[in-house]
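These notes concern the structure reproduced below.
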Amino acid sequence: MLEERLRKLEEFRSLGVEPYPYRYEVDSYAAELHERFKDVQEIPEGKYNVSIAGRIMTKRDMGRGGFAHIQDSTGRIQIYARQDVLGKERYKIYKKLDVGDIIGVKGYVFRTRTGELTVLVQDFQLLCKSLRPLPEKWHGLRDKETRYRQRYLDLIVNPDVREVFIKRTKIIRAIREYLDSRGFLEVETPVLQPIYGGATARPFVTYHNALDMKLYLRISDELYLKRLIVGGFDKVYEIAKDFRNEGMDRFHNPEFTQIEIYQAYADYTDMMRLAEDMIYTVAMRVLGTARITYQGQEIDLTPPWRRISMIEAIEEESGINVMEAPEEEMLRVIEEKGGSVKGKPTWGKIVAELFELFVEPKLVQPTFVVDFPVDISPLAKRKRGELGDRLVERFEIFIGGLELGNAFSELNDPLDQRRRFEEQMKQRELGDEEAHVMDEDFIRALEYGMPPTGGLGIGIDRLVMLLTDSPSIRDVILFPQMRPESREV
RNA sequence: GCGCCGUUAGCUCAACUGGUAGAGCACCUGACUCUUAAUCAGGGGGUUGAAGGUUCGAGUCCUUCACGGCGCACCA
């Protein structure tokens with residue numbers, strides 16, 4: 001097949017047709033033309049001249065004329081080439097074009113007998129010879145492996161995929177507009193970090209030759225953004241690629257995009273209002289509705305969202321009062337349910353596990369789960385009131401079974417922050433590889449003083465999954481991580 | 001890491017209990033000036049993911065490996 005096309009390539013050259021020219025003047029696009037003529041039934045022939053370019057997707061040649069569809073970045077439009085218009089020689093060359101080739105066409109718009117908007121080819125130019133056949137026009141490209149590995153092919157052949165990624169861009173743009181219009185400053189912080197932090201996860205490690213030191217790809221930008229709050233930027237955000245050296249599945253890609261937002265003088269209740277309003281606004285802007293369907297589940301994103309305390313939710317679903325139940329008993333329940341707690345089972349880890357087992361699967365409508373155990377939240381401020389010895393002011397966002405975001409009233413007491421880090425270091429020594437590491441400079445920053453601050457992180461990929469009804473994170477990342485191909489290309 | 005399923009022509013898929021690997025699209029040649037899954041006639045195309053085993057004979061059965069999907073585990 002490839003040889004056949006290489007033969008054609010040489011044939012074009014010998015006919016004086018350059019198979020890879022340099023530029024082409026385009027003045028019209030498929031979608032634009034369909035829009036412009038949608039109400040015009042009788043189009044006077046020869047009046048509307050256009051120059052279009054795109055990839056040949058279908059081709060129906062007849063003796064001295066032929067139809068084809070070409071696809072540009074906006075859609076498809078039919079073209080009609082005739083020998084009596086092009087002349088015998090040019091038409092001969094036209095007939096040699098393959099599905100997959102990219103061409104430029106100059107001609108006029110008309111309607112065929114069946115009413116399809118079509119460009120009559122008065123002149124055409126080969127813009128790029130394609131050497132590999134496209135997947136079949138009817139069934140398209142179904143094989144997920146090929147679709148992820150050769151996303152370019154997926155994009156050529158499956159129009160829905162293009163739509164998903166256009167939506168992804170619109171979602172991110174809408175978030176920027178939302179935050180920018182409210183006085184937030186978009187910033188950039190290091191991807192290469194000497195000390196990684198801001199989350200509990202294993203990092204990717206790299207090495208800087210000139211500095212002769214290990215560097216880590218960030219697992220979060222949290223600690224840098226809070227340094228900026230110390231520095232006097234009151235409202236900042238960053239849309240950051242983060243990297244976590246962990247397993248991959250439908251919800252996890254080793255590199256993923258997260259937005260983190262910090263607002264001085266705010267607490268986690270402010271961040272709840274911000275989160276629900278922002279996501280609602282983005283949905284309205286991008287989808288035109290707040291009522292969405294995710295994997296068959298009807299979801300209404302209209303604020304206010306339900307708020308439940310983690311402790312109460314566990315009691316409702318399991319009957320366990322985690323504030324009083326003995327740890328051994330809770331561990332027994334976890335085991336019965338098929339769960340497990342890794343490392344040394346602390347109270348917080350047990351509570352989090354019970355939550356995952358009993359509550360998480362039931363969260364379909366947008367829900368803020370609030371107030372987490374302190375020992376699994378080393379960067380969050382203690383809950384005000386008498387529960388502050390065990391709980392922090394933290395919430396997570398669950399929508400449609402997806403864990404979408406994480407937020408807290410940020411811990412700004414440098415002495416408490418040091419104790420929390422020290423506690424994490426102990427966990428690390430006990431075998432918890434994901435425990436947070438000490439960051440002396442961050443504590444130093446807090447010692448200068450950070451105003452009370454609310455922080456919020458939202459997984460952009462998962463938000464895009466939700467708003468595009470995509471079952472897998474790989475469907476919303478253009479080039480998802482894959483093992484190297486074993487077979488020959 | 002564990003379990004289940006998958007991998008056959010460029011693409012989408014067939015091939016009963018083990019018995020000559022096939023179709024449609026794509027491709028090549030020819031016919032055809034409003035087709036649109038164009039049509040009609042003819043033609044080429046395969047180390048059945050890889051390696052090994054059982055058998056007279058393996059796409060099919062067994063083992064190992066690779067890649068992928070889903071679930072679980074791990075993990076936000």
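Quick note on labels: first sequence line is chain A, next is B, and so on, each numbered from 1.
The cationic atom of R168(A) (NZ for Lys, CZ for Arg) does not lie both less than 6.0 Å from the six-membered ring centre of F165(A) and within 45° of the ring axis. Cation-pi geometry between K59(A) and Y94(A) is satisfied (NZ or CZ under 6.0 Å from the ring centre, within 45° of the ring normal).
Look at NE2 on H252(A): it is 13 Å from P on C70(B), rounded to the nearest Å. When rounded to the nearest whole Å, the span between CE of M57(A) and P of C25(B) equals 18 Å. Between D475(A) atom CG and G68(B) atom C1' there is a gap of 14 Å when expressed in whole angstrom units.
Of the side-chain N and O atoms in R64(A), one or more sit less than 4.0 angstrom from OP1 or OP2 of U33(B). An OP1 or OP2 oxygen of C13(B) is reached within less than 4.0 angstrom by a side-chain nitrogen or oxygen of R142(A). OP1 and OP2 of U35(B) both lie 4.0 Å or more from every side-chain N or O belonging to R60(A). Look at R7(A) and you won't find any side-chain N or O under 4.0 angstrom from OP1 or OP2 of G44(B). At the phosphate of G6(B), neither OP1 nor OP2 sits under 4.0 Å from any side-chain N or O atom of K144(A). For K137(A) and A26(B), the shortest distance from a side-chain N or O to OP1 or OP2 is below 4.0 Å. Within the structure, a side-chain polar atom (N or O) of R474(A) is placed less than 4.0 Å from OP1 or OP2 of G69(B).
Ring centers of F110(A) and F37(A): at least 6.0 Å apart, outside the cut-off. For an aromatic pair to be called close, the ring centres must be under 6.0 Å apart, and F395(A) with F368(A) satisfies this. For Y268(A) and F408(A), the gap between ring centers reaches or exceeds 6.0 Å.
Using a 4.0 Å heavy-atom cutoff across all strands shown, T112(A) reaches at least one base atom of the nucleic acid. Contact annotation for K8(A): backbone-only contact, meaning every heavy-atom pair under 4.0 Å involves sugar-phosphate atoms and none involves a base.
Comparing U35(B), U12(B), C74(B) by their nearest atom to the side chain of D249(A) picks out C74(B).
Within the shown strands, G53(B) is the pairing partner of C61(B) under the Watson-Crick or G-U definition, both distances less than 3.5 Å. Across the strands present, G44(B) finds no partner; the criterion is a Watson-Crick or G-U wobble pair with both atom distances under 3.5 angstrom. Across every strand in view, C72(B) sits in a pair with G1(B) that passes the Watson-Crick or G-U test at under 3.5 angstrom.
Contact annotation: side chain of Q78(A) to base of U35(B), donor-acceptor pair present below 3.5 Å.
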